[in-house]
Amino acid sequence: MDYYGTAGIDPLGELARTHFTNEISPSLDGRSVTLLGWVHILRDKGKIKFLVLRDEKGTIQITIPQKKVSEEVFKISEEFKPEYAIAVRGTVVATPQAPSGVEIIPEMFRIINKAHRLPIDVVEGKVDIDLDTRLNHRILDLRKPTVNAIFRIQHSLVRFSREFLEKEGFVEIHTPKIVAEATEGGANLFEIKYFEKKAYLAQSPQFYKQLMILAGFGRVFEIAPVFRAEKHNTRRHVNEYTSFDYEMAWISDVDDVMKMEENMLHYSFKKTREHVPSELELLGVDLKTPKVPFKRIKYAEAIDLLNAEGREMEVTDDLDPESERLLGKIFPEKFGTDMVFLTQYPLELRPAYTMPSMTDEGMTESFDLTYKGMEITTGSQRIHIYDLLVERFKAKGFDPDAFAFYLDPFKYGAPPHGGLGLGVERLTMQLLNIDNVRETTLLPRDRDRLTP
RNA sequence: GCCCCUGUAGUGUAGCUCGGCCUAGCAUUCAAGACUGUCACUCUUGAGACCCGGGUUCAAGUCCCGGCGGGGGCGCCA
């Protein structure tokens, strides 16, 4: 069967890409190259056509003057429509008239696949499209260079954070997402059917990370989805997101955990700056590598700062979004940085496994990292002392028997340890100054979005 | 769980306050045509929409009610 012929398209055949569009420079003048990509823009002047071809790395102008190309090439070019997948073999010509100082004069075209009329523009800057409409057509939406760049940057952030932790002796682990019990009590869980039992989707890898410390891995990390069954509808929340978690043993105190994070982010930001400069430029982001060490202030002090600005808050109150925004404004003014650790949170605001403070009564050995006025990390030293852990579980109203699988291993020489969870999408949105987390989530799952 | 806002061509909007001049405007898109240096090409012609149901009224895109869809805030959190 000639499926290609029936569809009116060409097989790629022997054609292989010789260059990406961003590799075409005036120095290649005269060279024959083969490019594969999509019809991005077609400016048809009649006897001369300008085709902007887009591939994974960028765009390049293909110029099709009727007099300088074969009849067949010109004829095929008449068929092009937006987002046709095409192959082109042609000659590189350096010319000041082309947008990048260089263009391609085609010798051969192949239509690799056709495209229907587009539901949304892939060319940016014509009309603003609602985020919801974009997400309905997310696959096309992701083809836009700026949208694609977001996830290349996200990859870079994750890649280099992982690289840093590996250098520090962390072991990457993969823990179950189907679980029997809640870890923190706070967020609601998605209930699922597990044959004849009830189960839940994990809201955090917390227990398993700690158990792997108890299992003899000195340092572990996991980058995996977590699920929150909250019916929230805000620009900062989705119901499934990627949590970047690590846990480390043999710590002296919670500051060891914070030092690891600031060094990790410093490394990751620096490397990201070096590795994806064109993506950052496309998004207009001047990525500043934050200075190490990051500023640290106690939660109680942050509350004081807020109250000095006229808010009326108790130290046991959680930060509401307005307070977060306010701190996001105060920190740069006062400390000259938008990356600040808040430490020593009150017991009331932290989960049962958090080590109570040894210096500040009623507080915990814990921290949040706020970046440009948003919480992106929560971490702490964990309780490694069995009796204390059981006591704290009871104090939070949990039945220790229900958590035996988690608590029992603490009876057998658990080392002091601590760790954190970092929201990958939130880190990305803050870094890129994007105001809706759905934009930095590849395929968001929110209150009522389950597809694509 | 609570609260606010919103629904007009493929996409984004104007019109809605103060119902009639809306045969629903504009941009982009799409179709056909013109153009040999475009730069989101330009120009000509054409195509394409009032979320659904009920109500008020001589008359509903416009007012009211319900349903469905969308956005955001609070709480909670990354």
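Just so we're on the same page: letters track the sequence lines, and every chain starts at 1. Hydrogens, waters and symmetry mates play no part in the numbers below; they use all other heavy atoms, side chains included.
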Distance between the [atom1] atoms of [N] and [M], in whole angstroms?
N	M	atom1	result
C35(B)	C16(B)	C1'	43 Å
C64(B)	C77(B)	P	39 Å
G70(B)	C18(B)	P	30 Å
C21(B)	A32(B)	P	36 Å

Centre-to-centre under 6.0 Å for Phe221(A) and Tyr246(A), is that the case here?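 So the answer is no for these two rings.
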Establish, yes or no, whether a centroid distance under 6.0 Å links the rings of Phe80(A) and Phe109(A).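 Yes, the ring of Phe80(A) comes within the 6.0 Å limit of the ring of Phe109(A), centre to centre.
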Gln430(A) near the nucleic acid: base, sugar-phosphate alone, or nothing, with a heavy-atom cut-off under 4.0 Å?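 The residue Gln430(A) makes no contact with any strand.
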Sugar-phosphate, base or nothing in reach of Val238(A), heavy atoms under 4.0 Å: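 If one applies the 4.0 Å heavy-atom cut-off, Val238(A) turns out to touch a base.
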Which nucleotide in [options] has an atom nearest any side-chain atom of [X]:
X	options	answer
Pro119(A)	G10(B), G73(B), U38(B)	G10(B)
Ile41(A)	C35(B), A40(B), C77(B)	A40(B)
Lys47(A)	C77(B), U36(B), C74(B)	U36(B)
Ile48(A)	G70(B), U28(B), G37(B)	G37(B)
Arg117(A)	U11(B), C77(B), G10(B)	G10(B)
Tyr241(A)	U28(B), G72(B), A78(B)	A78(B)

Pair partner, [N] [Watson-Crick or wobble, under 3.5 Å]:
N	value
C18(B)	none
C26(B)	G12(B)
A59(B)	none
C76(B)	none

Taking His275(A) as the fixed residue, which of Phe160(A), Tyr267(A), Phe269(A) is the one that meets the ring pair (Phe, Tyr, Trp, His ring centres under 6.0 Å) rule?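 Single pass found, and it is Phe160(A).
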Return no unless some side-chain N or O of [X] is found under 4.0 Å from OP1 or OP2 of [N].
X	N	answer
Arg438(A)	G72(B)	yes
Ser204(A)	A78(B)	no
Arg235(A)	G71(B)	no

Arg350(A) charged N/C atom sitting above Tyr345(A) aromatic ring, 6.0 Å / 45°: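 Judged by the rule (NZ or CZ under 6.0 Å from the ring centre, within 45° of its axis), Arg350(A) counts as positioned above Tyr345(A).
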Please say which of Asn436(A), Val437(A), Ile150(A) ends up in a side-chain contact (heavy atoms from CB on, under 4.5 Å) with Met429(A).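 Of the listed residues Asn436(A), Val437(A), Ile150(A), the side-chain contact (heavy atoms from CB on, under 4.5 Å) partner of Met429(A) is Val437(A).
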